[in-house]
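Below, read A as the first sequence line, B as the second, and so on, with proteins coming before strands; counting in each chain starts at 1.
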Amino acid sequence: MRASQLLLPTVKEDPAGAEAVSHKLMVRAGLIRQLAAGVYVFLPAGWRVMRKIEAVIREEMEAIGGQEMLYPVVNPAEIWQQSGRWQTIGEELFRFKDRKGADMVLAMTHEEVVTWLAAREIHSYKQLPQLWFHIQTKERDEARPKSGLLRVREFIMKDSYSLDADFAALQRSYDKHIAAYDRIFARCGVNARRVLSDPGMMGGGISHEYMAPSEAGEDEIVLCQKCGYAANVDLAVAGPEPAGAAAAVTGGGQEGPREIHTPGMRTIDDVAAFLGIEPRELMKSLVVVSQESGPLLVALRGDRDLHEGKLRRIVGEFRLATPDEVVAAQGVQPGFVGPVGTSLPVLGDEALRGGVFTGGANRADYHLAGISADQVVGEYHDLRLVRGGDPCPECGGPLAGERVIEVGNIFQLGTKYSRPMGATFSDEQGVERDIVMGSYGIGLERIAATAVEQHHDEHGICWPAAIAPFQVHLLVVRAADPSQAALAEELYATLAERGLDVLFDDRDLSAGVKFKDADLLGCPVQVVVGKRAAERMVELKRRAGGDRRDVAADDLAAAVAAALGAS
RNA sequence: CGGGGUGUGGCUCAGCUUGGUAGAGCGCUCGGUUCGGGACCGAGAGGUCGGCGGUUCAAAUCCGCCCACCCCGACCA
């Protein structure tokens, strides 16, 4: 490809509002343009990256027996009603009516279509297992698109679906995907690890997410260096607090609580600073309203945050009480709420057990010191969000926290979809049974963006070789110089003959512009035809690391191949 | 959905507080000089100031409503 004929609109300035490095660089390098919030156009070079990622994924899916097909984006509402997701998914699902007034949806994933297909075409155990996949646009009306390609409303996903006769077979399909995913991420140069996840809207049993460490990530995981436990904090179980961790004391615990004047001190930080104690010595009291059981008081140690999912599993749907409701229930404004003397049921986090704390006095401008958790908490549960530094729930070792980008996920769906949608088969005994399913996703733009997040420097992107828009960026310093131009043309032809993807910057521009563009775009190997063209010498530079050396033109193809192998 | 912010040539932004003939840098076009790290000189083109309504002799500027986009939170795989 000749740069003179390629739409590669690089820009000097960061796009307005961009925060994530990958967002800035992908726009600046001329790979993408934003059409609407969370909706992007892929320009030629950007699309080349996507197609290379797609090719890697396709190869690895075929290698484990995947059969590629294509499912429609436009779905009739019926199948989504059958699976139940028409009801359970909220505004994230794009819905519309066709001209006849029939409800339709834009698919955000394809369990429904796959199960519909399976229900029609799979009848016998002899047809199992099946492994189906497709690579297609997905539509999700994200509440808050952000960070360039990291969180969008329209994106391309490889999703595969396994159909098996039983759970043992599902586990085999699952394991095949694990192996394939490890290879896919490795080949794409993305550092990602598999962690336990919360199945969320996909439903079903075991699931894992592939998480790529990055500051730009929106998720957080904890991992144990000692035993390898790794989980999304959405799911992570809190390990037991070390003995005595809760036992900090302010004021005597024996003789009971004692009032302290704390005028206007409403937040944990305010109170701690005012009293000269640590947040962990405080008890945080939240009033929540459960749909089923009404108002409740939830108590946590002052330095801990509530994990809403954990509370939801215990009390069902709930919301934080409004200030008016707090006053109605506790007789005091938020900020001075406490468990002593409350009429509400009190749920306490395990980290409070056995400790003595300072908490709200249920009286404006007063707190109580010396509250014994065991005397006020009705039930203890694991309610806190796990964070780095906590003990591992498996082995007690310290957990490290890490921000990550979710680049893929795998779910053991079981019969969650096959049962309601009637996808069954006859087993060896002629007994009709539900197909056991799994679903497996990988987001292509997330791989692209993550690769940029993980591989860049102050000059631009440093693409992993397998997914770079071009393998080689060939540029002539002076296109107007006949000997330089002639040698560059010759090398362009030679490299292309070797089957290499070459971007040839033949533009008659000042050298600086071309160097800057090449670094921004980030192809793994750069070849510079310059001053020494007459001697048939060129410069070879590896983008990552920046090492450069002179190479004889006749040895270039071999040198490029070697450099690519090392990238 | 709650809170905050922004919308001015293609891009990044200034101008708005205190109303009075719309600016800069980059990019683009033409001419010339340059030519190994986003060159220089000269000459140009290009904007109903997000939209609608209001106040005013006069609105980019003040007021109201709407729209879009960004950030924080909620939500989410």
(message) In this structure, how many angstroms lie between the C1' atom of B:C72 and the CD atom of A:E19, rounded?
(response) 10 Å
(message) If I take atom NZ in residue A:K158 and atom C1' in nucleotide B:A77, what distance separates them, rounded to the nearest angstrom?
(response) 14 Å
(request) Tell me yes or no: between the side chains of A:E539 and A:Q526, is some donor less than 3.5 Å from an acceptor? (result)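 No - no donor-acceptor pair under 3.5 Å links their side chains.
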For the [atom1] atoms, the ones on [N] and on [M], what distance do you get once it is rounded to whole angstrom?
N: B:C65; M: B:A77; atom1: P; answer: 36 Å
N: B:C69; M: B:G31; atom1: C1'; answer: 41 Å
N: B:G10; M: B:G64; atom1: C1'; answer: 33 Å
N: B:C16; M: B:C63; atom1: P; answer: 14 Å
N: B:A45; M: B:G9; atom1: C1'; answer: 10 Å
N: B:G19; M: B:C57; atom1: P; answer: 15 Å

Across the strands shown, which category fits [X] at heavy-atom distances under 4.0 angstrom: base, sugar-phosphate, nothing?
X: A:D481; result: nothing
X: A:R548; result: base
X: A:L93; result: nothing

(message) Taking 4.0 Å as the cut-off, does a side-chain nitrogen or oxygen of A:Q484 come that near to OP1 or OP2 on B:C35?
(response) no
(request) Give a yes/no on whether any side-chain N or O of A:K146 is located under 4.0 angstrom from OP1 or OP2 of B:C69. (result)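 Checking B:C69 against A:K146, no side-chain N or O comes under 4.0 Å of OP1 or OP2.
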(request) Verify the neighbour count for atom CD of A:Q87: are there more than 12 heavy atoms of other residues, nucleotides or ligands below 6.0 Å? (result) yes
Keeping the roles fixed (side chain from [X], backbone from [Y]), state whether a donor-acceptor pair exists under 3.5 Å.
X: A:E139; Y: A:V74; answer: no
X: A:R304; Y: A:K284; answer: no
X: A:R543; Y: A:C462; answer: no
X: A:Q136; Y: A:Y71; answer: yes

(request) Summarise how protein sits on nucleotides 24-29 of chain B as a single string, 5' to 3': B when a protein heavy atom is under 4.0 Å from the base, S for sugar-phosphate-only contact, - for no contact. (result) -BSS--
If you only use heavy atoms from C-beta on, which nucleotide in [options] is closest to the side chain of [X]?
X: A:A36; options: B:G36, B:A77, B:C69; value: B:C69
X: A:A143; options: B:A77, B:G36, B:A74; value: B:A74
X: A:K541; options: B:C69, B:A77, B:G37; value: B:G37

(message) Per the salt bridge (charged side-chain N to carboxylate O under 4.0 Å, His left out) rule, what does the pair list look like for residues 151-160 of chain A, sequence neighbours excluded?
(response)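 Listed by first then second residue: A:K138-A:D159, A:D141-A:R153, A:E142-A:R151, A:R151-A:E218.
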(message) Using heavy-atom distances to pick each residue's nearest nucleotide on RNA chain B, tell me which of A:D508 and A:D14 is more 5'.
(response)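 First, find each residue's nearest nucleotide; the 5'-ward one identifies A:D14.
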(message) Once hydrogens and angles are ignored, does a donor-acceptor distance under 3.5 Å link the base of B:C71 to the side chain of A:R144?
(response)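 Absent.
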